[in-house]
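Step one of this worksheet: look at the structure below.
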Amino acid sequence: MSPRLRFAPSPTGYLHVGGARTALFNWLLARKVGGTLVLRIEDTDRQRSSDAHTEAILHGMRWLGLDWDEGPVFQGAGLDRHVEDVERMLSSGKAYRDFSTPQEGEADRAEEMEHGTRTRRARQRADALGRDEAGARAARGEPHAVRFRVPDGETVWEDMVHGETRFRNREIDDLVLLRSDGTPTYNLAVVSDDAHMGITHVIRGDDHLSNTPKQILIYEALGLSVPMFGHVPLILGPDGKRLSKRHGATAVGAYEEEGILPEAMVNFLALLGWSPGDDREVFELSELIEAFSMERVGKKSSVFDVTKLEWLNGQHLARRLTADLIPLVLDALERADPALASAARSRAPEWLSRLVDLLKVRARTLDDLADQARPFLAPVGEYDERAARKQFKRPGEVRERLSALVGVLAETDWSEPALEQALRSLAEARGEGAGKFIHPLRLALTGRGASPGIFEVLVLLGRDGALGRIEAAERHLGSLPEDDAPA
Ligand code: GLU
């Protein structure tokens, strides 16, 4: 039988980094082995679940390119089956009705805390009552929960990540299966659903490790075959504490909004816990499918490092076809400043492609790319202070150099080689280094200390645009008092 996997998010929040990583590992394994991935929305917590969260989770999955083969199935739709499964366990004696009052429940918990052992008072009360009497009270509509009767012994499984994992059953609570309001608990619903869907592999976060023995015991009580389990390690923040909002954005959607490419996010998520076993770091989705295996998922928690994400994003930006990037760049420009986006739309497509070609290898994110595009789409408003302190020092001298440069550039064919030749000959003729011209020129043209190659910038800006900007810089330099010039 071919493997069946599932991703089972609770729609009580957005798709967060940990959830997305779980989704990805399930997806990668399913795609690798030709299995089936089912998407199940665990919406049994009615109060905390919302359609908006479900939508956000589906959107996040689609954005990441993680498609599913079945579903979304909603857990809430399985309520009748959940109750039937509980009834089966009641009739076989694997579960019991618990009529304890809230005060008794409270006292039981306090006692267990004090002794540090499971006293199983609720079970003792149920046994004293007897099944017939419990059934009669239930039939009269007396409120009660249904608890699982944890058997003696030990629960052991071969975890796909952790290897042999064991829990002593006497440490496991007689967990509630059905609450007194008739709603199933997570552990019951998840087993009932996974079994019903024929799930063969359950891959999820380490935070579920302690649920797994409970679930295995329920499978066994229901006479169902137990799937394989794999628990992937926690994701930590840079301070070594469990990743949380304190560390910055944890919702995948926030990274989409910041101009991270989905393939970079997927690449980054894959490396949170998995490694290829060699020094490769940059992977396309198809390469990940090829390289992925559960054997190479480590036991150690991994650190969420945004710098690494941005680095990977830069790598993927550079790899992306420019034509594919243009709509994303327009979106990023729109986010930054709608005027920039409309300036970009009014340019010839070849010009815009050239701009994106030059910037995609220099940017870390789409928003960063949009920012670097600004000087090409809007006039230079002001000169970067740090760069100006260096390049516009001694304004008179710099101004004279720029003016000499305008003199030769104005006569030059507006192509990269010709412009380069003209600038270098001028510098040489004056016995000065080319840098003395190039750096102030960059600041004059872009207002910034960094940009693509200066001759590429000149061509992009065009003759009139470029000469106009140099002249504006000359005027600016002329207005700076020589003595008060930034030192
Ligand atoms: N709904 C659970 C969660 O989001 C799923 C747990 C599981 O995969 O079994 O944590």
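Numbering of ligands and ligand atoms starts at 1, following listing order.
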> After noting the C-alpha distance and the side-chain angles of Asp384 and Thr446, does the key distance pass the side-chain contact (heavy atoms from CB on, under 4.5 Å) rule?
Replying inline: CA-CA 9 Å; Asp384 175 76; Thr446 65; over 6 Å; no
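Legend: residues meeting side chain to side chain donor-acceptor pair (under 3.5 Å) with Glu133, ordered by chain and number and at least two apart, are absent.
Contact residues for ligand 1 (protein heavy atom closer than 4.0 angstrom to any ligand atom): Arg6, Ala8, Pro9, Ser10, Glu42, Tyr186, Val190, Arg204, His208.
Salt-bridge annotation for Glu287 and Arg280: absent, with no side-chain N of the basic residue lying under 4.0 Å from a carboxylate O of the acidic one. Between Arg88 and Asp85 there is a salt bridge, since at least one side-chain N of the basic residue sits less than 4.0 Å from a carboxylate O of the acidic one.
For the residue pair Arg179/Thr183, the side-chain donor-acceptor check at 3.5 Å is satisfied.
In this structure, Phe292 and Phe25 have tilted ring planes: the angle between them lies in the 30° to 60° band.
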